[in-house]
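Small disclaimer: the values here were computed from a predicted structure and weren't measured.
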Number of protein chains: 2
Amino acid sequence: MSGGVEWALHCCVALTAATEPVPAVRLAELHDVSPSYLAKQLQELSRAGLVRSVQGKSGGYLLTRPADQITVLEVVEAIDGPSAAFVCTEVRQRGPLAASPESCTAPCGIARVMYEADHAWRQALRRVTVADLLADAERAQGPQLRDTLRGWLTSTHG
Amino acid sequence: MSGGVEWALHCCVALTAATEPVPAVRLAELHDVSPSYLAKQLQELSRAGLVRSVQGKSGGYLLTRPADQITVLEVVEAIDGPSAAFVCTEVRQRGPLAASPESCTAPCGIARVMYEADHAWRQALRRVTVADLLADAERAQGPQLRDTLRGWLTSTHG
DNA sequence: GAAATCCTACTCGGATATGGAGTGTCCGAGTCTACGTGG
DNA sequence: CCACGTAGACTCGGACACTCCATATCCGAGTAGGATTTC
């Protein structure tokens with residue numbers, strides 16, 4: 001899995017506390033990561049429609065939906081792509097003992113197991129929203145976290 | 001996910017029907033894949049203890065356990081490695097609003113979601129055994145598949 | 001005929017090149033803000 | 001005092017290098033089997 005997924009999720013959580021657009025540079029500073037690379041991730045989130053980009057002097061990024069309507073799965077798929085990790089190359093139809101094409105209408109057992117596992121994985125990611133992530137962080141670091149975040153995001157930095 | 005996982009699984013299913021060691025070259029011919037690359041996958045299966053290698057003139061590979069005692073997860077982990085896809089870099093402890101180390105004894109919400117999803121994925125793969133895969137293939141291609149495989153694997157080829 | 005020996009051929013195992021995707025970076029196009037100016 | 005125009009600076013967006021891992025391959029170490037030779 002791409003490492004940028006973690007950054008993107010953290011950014012979504014931070015944007016939950018934002019009331020005005022937050023530039024990519026500020027999000028990068030908040031998390032102490034490479035600004036130029038984070039910009040790429042945010043770009044992908046923008047393409048996926050999860051965040052809205054505002055151009056101009058006081059521009060930046062903003063969530064397009066309430067945090068409880070953005071699932072972790074959506075963020076992951078925005079960065080890593082929506083395609084499944086396993087791709088069946090139809091090995092059963094190759095070689096000297098190849099199965100007849102008409103007996104291969106349904107995916108083979110191997111592919112089916114992989115697809116089911118992939119489905120279970122996605123299901124687990126779909127169950128959790130960005131709002132849940134923020135709530136968890138508040139539980140660990142104190143309920144004032146949201147306000148602290150908002151304050152830091154909106155304040156002007158040297 | 002590594003594409004070799006598919007090959008390895010097909011090989012395990014084929015080895016289910018084998019009564020004597022099957023060389024890597026024959027398995028490659030059976031599935032019409034690159035012999036030298038398949039050899040690497042079988043080597044990893046051997047390292048993981050799923051198959052036993054027999055050297056010498058009529059050597060090859062053999063399952064070390066009954067097929068109903070080999071889960072798909074074991075094969076996947078043998079090829080792709082046992083480590084989880086997601087690695088938490090502890091972003092929460094970095095930057096100007098870093099969380100205090102003592103409040104980070106438990107994994108953060110993001111990591112937890114990822115680990116749970118990973119667990120669900122592995123659980124789904126653990127439920128299915130190589131024997132199940134063979135049974136499924138027999139259901140699709142006919143019950144004589146196992147004998148056909150054994151015959152082809154043991155016969156001498158040009 | 002049987003046993004010991006040697007040779008051959010075949011097997012796996014690890015070390016070795018290559019390609020593509022992920023990683024990381026940069027600069028240009030676009031646009032909002034703010035200031036200055038004129039009425 | 002207000003409206004307008006212009007300049008400026010800041011933003012995102014896409015195009016451009018680099019690195020690392022998955023892919024693909026090869027050759028050497030080791031061994032079982034069989035043929036040969038000898039008793």
Residue-level proximity of residues 44-51 of chain A to DNA chain C when a heavy atom falls under 4.0 Å = none
Step-by-step side-chain contact (heavy atoms from CB on, under 4.5 Å) determination, Glu44(A) to Arg47(A) = CA-CA 5 Å; Glu44(A) 311 244 22; Arg47(A) 259 183 228 158; 4.3 Å; yes
Please list, by residue number, the residues of residues 6-25 of chain B whose heavy atoms come closer than 4.0 Å to an atom of DNA chain D; answer none if no residue qualifies.
-> none
Side-chain heavy atoms of Leu153(B) within contact of Glu20(B), under 4.5 Å = no
In chain order, what residues pass the side chain to side chain contact (heavy atoms under 4.5 Å, CB included) check against Arg52(B), with sequence neighbours excluded?
-> Thr64(B)
Return the value, rounded to whole Å, for the distance between atom CD of Gln43(B) and atom P of dA29(D).
-> 16 Å
For Thr19(A), side chain to side chain donor-acceptor pair (under 3.5 Å) partners two or more places apart = none
Rounded distance (Å) that lies between atom P of dA24(D) and atom CG of Leu42(B) | 15 Å
Qualifying residues under salt bridge (Lys or Arg N to Asp or Glu O under 4.0 Å), relative to Arg126(A), sequence neighbours excluded = none
Residue pairs passing the side chain to side chain donor-acceptor pair (under 3.5 Å) test with at least one member in residues 140-150 of chain B, sequence neighbours excluded, are Asp147(B)-Arg150(B)
Main-chain N/O of Ser2(B) paired to Asp80(B) side chain as donor or acceptor, under 3.5 Å = yes
Just jot down the side chain to side chain contact (heavy atoms under 4.5 Å, CB included) partners of Pro21(B), sequence neighbours excluded, or say none.
-> Val54(B), Leu62(B)
What residues in residues 32-40 of chain A put a non-hydrogen atom under 4.0 Å from any atom of DNA chain C?
-> Ser34(A), Ser36(A), Tyr37(A), Lys40(A)
Letter by letter from the 5' end, nucleotides 30-37 of chain C scores (B base, S sugar-phosphate only, - none; protein heavy atoms under 4.0 Å) BBBS----
To the nearest angstrom, the CE-C1' distance between Met1(A) and dA21(C) comes to 16 Å
Counting only side-chain N and O atoms of Ser2(B), is one of them less than 4.0 Å from OP1 or OP2 of dT23(D)?
-> yes
Indicate yes or no: at least one non-hydrogen side-chain atom of Ile79(B) is less than 4.5 angstrom from one of Trp7(B).
-> no
Below 4.5 Å, heavy atoms only, C-beta onward: do Thr129(A) and Val72(A) meet side chain to side chain?
-> no
Closest approach of Arg65(A) to Ile70(A) (non-hydrogen atoms, all atoms of both residues) | O-CD1, 3.9 Å
Side chain to side chain donor-acceptor pair (under 3.5 Å): pairs with one or both residues in residues 99-116 of chain B, sequence neighbours excluded | Asp136(A)-Arg112(B), Ser100(B)-Ser103(B)
Side-chain touch Val128(A)/Thr71(A), heavy atoms, less than 4.5 angstrom | no
Pair listing, side chain to side chain donor-acceptor pair (under 3.5 Å) test, anchored in residues 88-97 of chain A, at least two apart | Thr89(A)-Glu6(B), Glu90(A)-Arg92(A), Glu90(A)-Gln93(A)
Is there a side-chain contact between Cys11(A) and His31(A), using heavy atoms and a 4.5 Å cut-off?
-> yes
Bend angle of the helix from dG1(C)-dC39(D) to dG39(C)-dC1(D), end axes from five pairs each (to 10°) = 10°
